[in-house]
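Reviewing the structure listed below.
All values below come from the heavy atoms of this structure, side chains included, with hydrogens, waters and symmetry mates left out. These figures come from a predicted structure and were not determined experimentally.
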Amino acid sequence: MAATDRNPPRTKSIVTRNSGTSVSSVERAMRVLRVMSEGANARLTDIATAADLDKATALRLLEMMVRDGFVMRDAATKQFTLGPELMVLGAAALRRFDPRPIVRPSLMRLVGQFEDSAVLSLPSGIESLCIDVEEGTYPIRANYLRVGSRRPLGVGAGSLALLAWLPDAEREAAIDILLGQLQRYPLITAGLLRERIAEARTKGYAVLLDVVVERMGGIGVPILDSQGRPIAAISIAALNDRILSREAAMGQSLMHEAMQCQVRWTEATRPAGRTAHRVGASK
């Protein structure tokens with residue numbers, strides 16, 4: 001059995017918040033690609049609505065991207081999907097920054113230990129982006145977390161961990177912006193965010209229960225870079241009761257895995273010359 005979001009899918013992307021100002025064609029095209037990356041927008045009407053564009057503009061942009069291979073259109077269904085040129089760009093970007101191979105063993109261990117789904121998220125502006133999910137084996141699972149899904153920072157445990165470990169000034173600026181983007185989540189307020197953030201910084205992990213999906217929640221921790229900034233987050237999504245009854249154990253395991261990921265990420269991104277210097281200096 002899978003748990004679903006208590007609210008219907010949003011009609012507009014969070015990236016359309018400045019739609020009242022002059023918008024370039026490039027920005028409109030980026031909106032289209034971003035809403036398509038979520039996987040639920042395949043029809044022209046859905047894409048146009050989510051990107052806050054009229055159908056004629058959305059179709060013009062899609063046809064240009066089809067021509068250049070960034071989007072494909074099924075001749076039978078008339079639905080659109082992301083094209084091979086984006087795969088090339090994605091592969092190039094992931095050669096520079098791809099935490100999945102480093103974090104995946106941790107996700108697998110967390111599922112093996114707790115049986116609930118484990119998630120890897122990245123920050124993307126004032127959103128979090130799910131880039132990997134290891135499905136749990138427990139019969140009741142969260143199906144609202146899928147690769148490519150986006151949420152405002154603070155919506156979900158991993159997303160909350162990303163927000164909580166931002167520098168103070170950036171976090172407050174993000175909260176101010178987010179307050180106008182959380183209509184879909186009426187239970188999430190500035191007061192609730194600040195309260196959960198304070199708790200997270202004290203405990204070392206973030207917990208968010210029963211505010212995004214009824215009877216469901218999550219527990220998450222950030223993965224920090226060498227400067228202490230959150231570059232990713234790992235979280236566990238489960239029934240509220242399953243988190244509450246094992247919160248301490250889950251929190252400890254998540255923090256342990258996050259620390260292992262940080263060590264592996266530091267080793268993987270350390271310049272080769274610096275490594276050689278340190279090895280030589282230790283002789």
Can you tell me if Arg31 uses its side chain to pair, donor with acceptor, with the backbone of Ala51 under 3.5 Å? yes
Determine whether the side chains of Thr189 and Arg194 contain a donor N or O and an acceptor N or O closer than 3.5 Å. no
Value rounded to 0.5 Å, distance of CD1 in Ile234 from CG in Asp132: 11.5 Å
With the side chain counted from C-beta on, respond yes when Met36 and Phe80 share a heavy-atom pair under 4.5 Å apart, and no when they do not. yes
Separation between CD1 (Ile223) and CZ (Arg229), nearest 0.5 Å, reads 15.5 Å
Closer than 3.5 angstrom, by distance alone: can the side chain of Thr57 be matched with the main-chain N or O of Leu53 as a donor-acceptor pair? no
Just checking, any donor-acceptor pair under 3.5 angstrom between side chains of Tyr205 and Gln252? no
Side chain proximity check, Leu239 to Arg215, heavy atoms < 4.5 angstrom: yes
Between Arg151 (side chain only) and Ser128 (backbone N and O only), is there a donor and an acceptor less than 3.5 Å apart? no
Quick check: is Val103 connected to Trp165 through a chain of hydrophobic side chains (ILVMFWY, heavy atoms under 4.5 Å apart)? no
Indicate the atoms forming the closest heavy-atom contact of Tyr185 with Pro152, along with that distance. CE1-CD, 4.2 Å
Supply the atom-to-atom distance Ile175 CD1 to Ile197 CD1, rounded to the nearest 0.5 angstrom. 4.0 Å
Under a 4.5 Å cut-off applied to non-hydrogen side-chain atoms, are Arg264 and Ser106 in contact? yes
Is it true that a side-chain atom of Asn240 and a backbone atom of Gly217 form a donor plus acceptor pair closer than 3.5 Å? yes
Nearest heavy-atom contact between Cys261 and Ile102 is O-CG2, 3.8 Å
Tell me whether Arg28 is salt-bridged to Asp54, with the criterion being a basic N under 4.0 Å from an acidic carboxylate O. no
Side chain of Gln183, backbone of Gly180: donor and acceptor closer than 3.5 Å? yes
dist Arg60:CZ -> Met65:CE (nearest 0.5 Å) comes out at 10.0 Å
Side-chain touch Leu182/Val155, heavy atoms, less than 4.5 angstrom: yes
Side-chain touch Ile231/Leu122, heavy atoms, less than 4.5 angstrom: no
I want to check something: taking the side chain as every heavy atom from C-beta on, are Arg196 and Val207 in contact at a cut-off of under 4.5 Å? no
Nearest-0.5 Å distance, CG of residue Leu61 to CE of residue Met30: 11.5 Å
Leu120 to Leu107 - nearest heavy-atom pair and separation: CB-CD1, 4.1 Å
Keeping Ser24 on the side-chain end and Glu27 on the backbone end, is there a donor-acceptor pair under 3.5 Å? yes
How about Gln260 and Pro105: do any of their side-chain heavy atoms sit closer than 4.5 Å? no
When you group the ILVMFWY residues by side-chain heavy-atom contacts below 4.5 Å and let the links chain together, are Leu192 and Leu162 in the same group? yes
Leu254 side chain near Leu110 side chain, heavy-atom distance below 4.5 Å: yes
Do you know which two heavy atoms are closest between Pro230 and Pro123, and how far apart they sit? O-CG, 3.8 Å
Taking Ser159 for its side chain and Gly154 for its backbone only, find out whether a donor-acceptor pair lies under 3.5 Å. yes
hydrophobic_cluster_shared for Leu82 and Met64, side chain cutoff 4.5 Å: no
Testing the 3.5 Å rule here: is there a donor-acceptor pair between the side chains of Glu134 and Ser117? no
Euclidean distance, Gln262 CD relative to Leu224 CG, rounded to 0.5 Å: 4.5 Å
Work out which heavy atom in Ile236 is nearest to a heavy atom in Phe114; give both atom names and the distance. CD1-CD1, 3.8 Å
Tightest non-hydrogen contact, residues Ser124 and Arg150, listed as OG-NH1, 3.4 Å
Answer yes or no for Arg242 and Tyr138: cation-pi contact, defined as NZ/CZ to six-membered ring centre under 6.0 Å and angle to ring axis within 45°. yes
Could you check whether any side-chain N or O of Asp68 sits under 3.5 Å from a backbone N or O of Phe70, counting only pairs where one atom can act as donor and the other as acceptor? no
Would you check if the side chain of Ser149 reaches a backbone N or O of Arg146 as a donor-acceptor pair within less than 3.5 Å? yes
